[in-house]
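Chain letters run A, B, ... following the sequence lines, proteins first and then strands; every chain starts at 1. Note that the structure is predicted; figures quoted are calculated from it, not measured.
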Protein chains: 2
Amino acid sequence: MPNDFLDQCRARLGEHYVLTDPADTAPFLLDWRKRFQGTALAVLRPGSAGEVADVVALCATHGVAIVPQGGNTGLCGGATPDTSGRQVVLSLQRLNRIRNVDTINDTITVEAGCILQVIQEEAASAGRLFPLSLAAEGSCTIGGNLSTNAGGTGVLRYGNARELCLGLEVVTPQGELWDGLRGLRKNNTGYDLRDLYIGAEGTLGIITAAVLKLYPAPAAQLTALAGLATPRDALALLDLARRMAGPLLTGFELMSDFCLALVGKHYPHMRYPFAERQPQTVLLELSDSESESHAREIFERLMEAAFEQGIVRDAVVAESGAQSQALWDLREHIPLAQADEGKNIKHDVSVPISRIADFIEATDAALADAFPGLRMVTFGHLGDGNLHYNVSPPEGTDYDAFLVNQASINRLVHDSVHAHDGSISAEHGLGQLKREEIVRYKSPLEIRLMQAIKQALDPQGIMNPGKVV
Amino acid sequence: MPNDFLDQCRARLGEHYVLTDPADTAPFLLDWRKRFQGTALAVLRPGSAGEVADVVALCATHGVAIVPQGGNTGLCGGATPDTSGRQVVLSLQRLNRIRNVDTINDTITVEAGCILQVIQEEAASAGRLFPLSLAAEGSCTIGGNLSTNAGGTGVLRYGNARELCLGLEVVTPQGELWDGLRGLRKNNTGYDLRDLYIGAEGTLGIITAAVLKLYPAPAAQLTALAGLATPRDALALLDLARRMAGPLLTGFELMSDFCLALVGKHYPHMRYPFAERQPQTVLLELSDSESESHAREIFERLMEAAFEQGIVRDAVVAESGAQSQALWDLREHIPLAQADEGKNIKHDVSVPISRIADFIEATDAALADAFPGLRMVTFGHLGDGNLHYNVSPPEGTDYDAFLVNQASINRLVHDSVHAHDGSISAEHGLGQLKREEIVRYKSPLEIRLMQAIKQALDPQGIMNPGKVV
């Protein structure tokens, strides 16, 4: 069977696009964080939605399970095959055309394999903004972004990948092509298939193209840093900023002092922005359709009010776009500095914004109690209730020795998230990493509902088995 | 069986909340537009989500079909039972508690039977905005708004009901209660059940409560009217307004001269805003987090640029909030004036914004050709690509005589919508009114996918049968 199947794939895609040589397939079989190593019957590289449909139909006929893969930058192993060697990886990278840009409808139609940054640049060259932005944007693909409902730094104002998508083209597990590529802001004609495929991590079908929303490019983007005492003060600043800046507020990122200390240690050229150390720092971003000076005025009024109310201890407002970028660089160097410091145990969690301070206080205390000396690398998208709540070993401890505690640390953190009405995967998805874990926190009913949908749309169970549900 | 079933319902809800007397049930059996008259075994009026779950479980046991109903203001007969007399209407009106307001998380948790306007008022009293706004807001319920994914005038900036909802509580067709009442901006842990129930018009389960997003109340809302020559000029104004006002632009409504002439005819006290008649009028709304004078400045700059570019022929900017409301009144009197003029054939359509002018030109011409003398009542949410494209009989023609053309007029309009990549139901849903019609425009694959989901979640077929799919 496998040979017959592979021959049919070769006949459809061309020899060159059915990879079986280990040297060729290796990059597709290991996830970005190097935690999941799979094997595969082959890596298939179709070049069009029609080719995707045809090879999926071949897989269905031969009962071959499919692992869709975009830029292979996922953090939960959702795009890595298992170790049976009987699955195929279906790479979408060759579907990389921008099909259409419509500046009146403010939409861009792109194929699944388009790199996120390419889409951002295409939008910018049309005087528009595509606001999805995240660390992997130089290599992740939009198909993967949609399949994991990616978040990032722009969610506060623009929403997740889901909110930025108007329509999809999807290949079903039976190899049929659904054309749902609608560029409509309003369309109430039946079940929301679009949002079902978004976030399903390739377990219900394969996204091959999407219609995405564009926004007018802002006239200016300006950032500021505020130094504060506690996460609770950061919440007070968020409330004030939302009221005074309204929809101009497009970024609100929290960084603990330890995060910025790590940046200073590993990137000594990056200047610490305040005269004295601040326990917490918030990066704010305004996107203004008028001018940089208007954004600056708003920042000045906001910081003045925050000082008066005793919320903020020190503040720096960028003088220019270039200086704004330098402030963002501080934030973006946290993941790098944390990697330079050594591995840690990562959590991608969210709680209602109103419970963030409680969550941090309670969880920090419980961890310190159970594992004295832990160093918390706490930063993230406070405006979305989303924290990267990462746990580093005590200074001088070896990470691998420390790793024996991983399961109990995860349990403690996730139980606390759950107790604060939160989510154990805010923006990274479940993949294979959290597929078992989630069963502890979702009701049996919700799991059954998900299974019923999976069974209805993929009765053969060939779409990315072992992921999500 | 029916008696046994009703006795069990009475035992659970109390005698008083199981209506069978025709005098009591009548208001629940006729839709708002008086196009659909049903009958029912009973009208059930549970008072809590637990009671909803229990009576749905009873229905499942006895094989009784359920028609969920909120404020009974739907426009497509989605909440009206059939004429068999074997269905029950399940009214959610008694589930009308505001469960929680969280001004830091900017969320409000409400039960399905809450009147939309009550939610708006509750938000306002907390200094927040709940931006869903539509004509029926004084009597429609949020459960119905979510079940039909209601649109309205705020979609341009804030999205449809779907985009305003973070979490749901739902009773399944088996009478189980799913607690998905999450107040999270980011949560990627499996299939998007929330968005599947939203817009499903009660065919997959019954929404009993929801967590909704709030926004800071704007410091000022100001409107302006612009007189223009054509819908194409309106598109140019929209583009300019989006670039110059960015996210402050919260309303962009198109009204043809005939619409405003009808308002003038039936409401002569309402002053026509321009010195000369304008073929098209656009109402713009800005919501400003700074001040009224800032909003006014933006309007003045915008109109100046629009005059310079020859887009706009005349313009009026409101001097105050009160005057803004008077301009909105003009827009809101169109449906009233149109009703005073006599019945017409209504269409709730959307197309990509970039194709609106083409759509209006092509469809107006085709209708004029096929039915000389027709009068087009064309108005709507241009910023969302959504038109209420209503067809009035030629002057002096009797509506009922004219009605023989309804099927062919619908066909012509909907075929044109489809040819322009649009939707035949932008914001009203399918209900029973458009359930057959949609089959002409959706692919057989999409219909099958919808049926598979229906079958998976409601295998007994007891949830609002005969609607949507």
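Side-chain contact check for A:P352 versus B:T107: every heavy-atom pair is 4.5 Å or farther apart. Side-chain atoms of B:R185 and A:N386, non-hydrogen and from C-beta on, never get closer than 4.5 Å to each other. Within the 4.5 Å cutoff, the side chain of B:R162 has no heavy atoms near those of the A:R162 side chain. Side-chain contact check for B:R242 versus A:Y215: every heavy-atom pair is 4.5 Å or farther apart. In this structure the side chain of A:M244 never reaches within 4.5 angstrom of the side chain of B:E290, judged on heavy atoms.
In terms of non-hydrogen atom pairs under 4.5 Å with chain B, the most contact-rich of A:I198, A:N160, A:T189 is A:T189. Chain B forms more heavy-atom pairs under 4.5 Å with one residue of A:Q174, A:R301, A:Q455 than with any other, namely A:R301. Taking chain B as the reference chain and counting heavy-atom pairs below 4.5 Å, the highest number among A:E163, A:K467, A:R448, A:R194 is found for A:R448. Of the listed residues A:V468, A:L445, A:T172, the one with more heavy-atom pairs under 4.5 angstrom with chain B than any other is A:L445.
Residues A:N149 and B:N188 share a closest heavy-atom pair of O-ND2, 2.7 Å.
A side-chain contact (heavy atoms from CB on, under 4.5 Å) with B:L449 is found for one member of A:L204, A:V170, A:L457 and no other, namely A:L457.
A:S423 and B:N187 form a side-chain donor-acceptor contact under 3.5 Å, judged by distance and modelled atom types alone.
Looking at A:D102, the atoms closer than 4.5 Å to chain B (heavy atoms on both sides) all sit in the side chain, from C-beta outward. Using a 4.5 Å cut-off between heavy atoms, A:A245 contacts chain B through its backbone alone, with no side-chain atom that close. If you measure heavy-atom distances from A:S425 to chain B, the contacts under 4.5 Å come from both the backbone and the side chain.
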